[in-house]
Amino acid sequence: MMEEFDLIVKGGTIVTASDIYIADIAILNGKICLMGKDLTCSAKKIVDADGKYVLPGGIDVHTHLDMPFGGTVSSDDFATGTIAAACGGTTTVVDFAIQPKDATLAETTEIWQKKAAGKAAVDYGFHIAITDMKDEIMAEIPAIIEAGYSSFKLFMTYEGYRVTDDTLMKALKITKDHGGLVCVHAENYYVIDYLVKKFKAENKIEPIYHALSRPNLAESEAVNRAIAMAELVDAPLYIVHLSCKESLAELKRARDAGFPIMAETCPQYLFLDEDNYREADFNGAKYVMSPPLRKKDSQEPLWLGLAKGDIQAVATDHCPFFMEGQKEMGREFFAKIPNGAPGIETRMPLLFGRGVRDQKLTLTKLVEVTATNPAKIFGMYPKKGTIAVDSDADLVIFDPEKLQTITKSILHEHVDYTPYEGFELKGYPIMTIAAGKIIAEAGSFVGKAGAGKFIKRSAPMIL
Ligand code: URP
Ligand code: ZN
Ligand code: ZN
Ligand code: ZN
């Protein structure tokens with residue numbers, strides 16, 4: 001006798017990183033159970049996806065939910081942030097668990113597990129951001145990888161968080177020896193420190209000086225240095241939020257020479273630029289993040305880098321702060337503006353509704369950089385990141401004809417602005433399905449807080 005499925009998504013155009021074809025998807029117990037044309041089995045619910053695109057749910061491998069940072073706390077917690085993710089077509093997040101001073105890595109994982117438990121509406125994992133790398137901490141790395149936290153982030157800048165080059169090199173070595181992956185925030189601390197102090201002395205305090213104190217070369221020099229250290233210890237490396245053409249050139253050089261160096265960029269570096277910092281009335285503070293927005297001449301190289309496979313992923317670096325009460329802290333000095341901006345809900349819509357529409361990305365490439373590659377690099381594939389029998393039933397359905405203008409009022413991010421206000425899109429997510437359940441529909445969240453599960457991640461695939 002034919003079993004009854006929980007859900008069948010019928011007649012949609014399925015897009016994976018390699019194929020586009022029409023098929024039905026039958027789902028049982030949170031997994032894709034059967035796929036084929038014109039399935040006749042019965043199901044508790046049928047979703048008609050005729051004329052729509054069905055993509056693997058987005059995987060955002062760079063978020064900062066409920067994170068103490070810059071003298072305040074990012075304004076989305078695991079409840080609000082994952083609701084926003086769901087409404088924007090993202091069904092898995094990998095957040096950064098930041099090691100508090102004097103905490104062990106094991107304690108760090110506990111702190112972040114508590115933040116997410118009972119709140120997250122989509123599945124989640126954690127990278128461990130190591131801020132205090134004593135020998136005892138280094139010794140914890142193998143057990144942490146074993147427990148499902150197979151990636152780490154090290155900061156080359158930020159007072160209080162940054163590590164020195166010898167520490168980075170040791171971390172690269174031990175992580176590689178135990179089958180994990182180091183992610184690096186690459187900016188030259190001393191260059192930035194020098195320029196920030198110089199601008200302050202000259203009373204140059206407005207948001208534009210945030211960008212001018214963190215020039216492209218401050219990033220690309222650090223990218224080059226991190227790559228050199230990875231090469232020296234024969235370790236893979238993942239560069240987070242790569243923002244400019246000079247850093248891309250370093251990445252390409254290393255990849256062309258055969259080194260296992262990977263990188264993500266973020267929508268803000270593809271769609272926004274340095275001129276945003278000049279918006280009147282302190283509105284430039286909305287875009288204060290690190291690395292900063294760049295001049296427009298980095299945008300085409302980054303799009304091309306994605307299209308050609310030099311850059312493997314697009315993540316958001318979602319780290320929202322309210323203008324009121326948070327960004328405002330830096331009205332008298334740009335260096336006191338908390339660094340970070342929202343984007344968890346707009347990544348998939350922007351890349352589809354502008355990136356694909358404007359032929360910067362093909363549909364299969366969109367899937368590759370937002371789901372398949374992130375799942376592979378961070379040890380979640382093929383459970384996540386594709387549409388196939390036995391994979392998790394995490395899907396996003398796009399209406400390719402839907403015209404939507406982004407405004408703060410349609411978004412669910414817990415913050416008082418969006419950097420993409422007024423962006424006009426063609427194509428928008430109309431339904432998000434996670435673990436076989438509809439969690440967002442027609443712009444509203446219809447899932448459950450706490451339904452998301454912790455994803456124990458395995459070894460990285462090197463792309
Ligand atoms: O400005 C940013 N990016 N804030 C979040 C922390 C980080 O560096 O990723
Ligand atoms: Zn079956
Ligand atoms: Zn960073
Ligand atoms: Zn970040």
Side-chain angles (χ1 to χ4, degrees), residues 60-77 81 85 93-100 112 124-131 151-163 168 181-189 192 196 207 209-211 213-214 218-220 222-223 226 237-244 247 262-270 272 274 276-277 284-294 313-323 326-327 329-330 334-344 347 374 378 413 415 417 419:
D60 189 347
V61 292
H62 191 150
T63 67
H64 300 282
L65 302 175
D66 200 1
M67 178 182 70
F69 197 64
T72 180
V73 179
S74 62
S75 58
D76 263 318
D77 66 7
V93 299
V94 186
D95 198 78
F96 288 89
I98 315 271
Q99 177 195 15
W112 253 264
Y124 55 93
F126 297 106
H127 316 276
I128 311 300
I130 304 178
T131 59
S151 47
F152 300 87
K153 180 179 184 183
L154 279 83
F155 295 93
M156 296 171 80
T157 191
Y158 292 138
E159 205 66 75
Y161 287 179
R162 74 190 180 97
V163 298
L168 177 53
L181 180 64
V182 167
C183 306
V184 70
H185 174 135
E187 285 187 296
N188 183 311
Y189 169 80
I192 295 165
V196 168
Y209 292 102
H210 170 74
S213 64
R214 308 179 92 100
E219 179 183 320
S220 62
V223 165
L237 174 68
Y238 180 90
I239 299 156
V240 298
H241 48 45
L242 185 130
S243 72
C244 63
S247 299
M262 300 170 282
E264 70 185 21
T265 189
C266 311
Q268 51 269 35
Y269 305 118
L270 297 165
L272 305 171
E274 193 184 274
N276 289 103
Y277 292 113
K286 291 176 177 170
Y287 314 94
V288 167
M289 63 186 76
S290 296
L293 301 179
R294 303 303 189 181
V314 179
T316 63
D317 196 9
H318 178 76
C319 188
F321 298 104
F322 277 77
M323 283 294 277
Q326 294 192 296
K327 290 283 187 185
M329 291 156 58
F334 66 85
K336 292 212 171 346
I337 301 170
N339 281 205
I344 202 168
R347 178 184 68 140
F378 291 103
E413 297 166 339
V415 62
Y417 75 96

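One-based numbering, in listed order, for ligands and for the atoms of each.
Checked by atom type and distance alone, the side chain of Arg347 pairs as donor or acceptor with a backbone atom of Val314 at under 3.5 Å. For the pair Glu187 (side chain) and Tyr158 (backbone), a donor-acceptor distance under 3.5 Å is absent.
The Zn ion (ligand 3) is closest to atom NE2 of His241 (considering only N, O or S atoms). Per residue His64, closest N, O or S atom to the Zn ion (ligand 4): atom name NE2. Among heteroatoms of the N, O or S kind in Asp317, OD1 lies nearest the Zn ion (ligand 4). The atom of His185 that is an N, O or S and sits closest to the Zn ion (ligand 3) is ND1.
Relative to the six-membered ring of Tyr189, Arg162 meets both conditions, a distance below 6.0 Å and an angle of at most 45° to the axis.
Of all the atoms in ligand 1, the ones that sit under 4.0 Å from a non-hydrogen atom of His241 are 8 (O), 9 (O). Less than 4.0 angstrom separates some heavy atom of His64 from each of these atoms of ligand 1: 5 (C), 6 (C), 7 (C), 9 (O).
Across all their heavy atoms, Leu168 and Val182 have their closest contact at CD1-CG1, 4.2 Å. Residues Thr131 and Ile98 share a closest heavy-atom pair of CG2-CG2, 3.9 Å.
Ring centroid separation for the pair Phe334 and Tyr277 does not come in under the 6.0 Å cut-off. Aromatic rings of Phe69 and Tyr161 (six-membered ring for Trp) have centroids within the 6.0 Å cut-off, being under it. Aromatic rings from His62 and His241 are positioned such that their centres are separated by under 6.0 Å.
His64 and Asp95 are not linked by any side-chain donor-acceptor pair at a separation below 3.5 angstrom, with hydrogens and angles left out of the test.
Nearest protein heavy-atom contact of atom 3 (N) of ligand 1 is Asp317 OD2, 2.6 Å. Here the protein heavy atom with the shortest distance to atom 4 (N) of ligand 1 is Asn339 O, 3.0 Å. Protein heavy atom at the shortest distance from atom 1 (O) of ligand 1 is Ser290 N, 2.8 Å.
With a cut-off of 2.8 Å, the Zn ion (ligand 3) has an N, O or S atom of Lys153 in range. Taking 2.8 Å as the criterion, His62 counts as a coordinating residue of the Zn ion (ligand 4), since one of its N, O or S atoms falls below it.
Put simply, part of Tyr158 is less than 4.0 Å from ligand 1, judged by heavy atoms.
Among Gln268, Lys153, Met289, the residue whose heavy atom lies nearest to atom 9 (O) of ligand 1 is Lys153.
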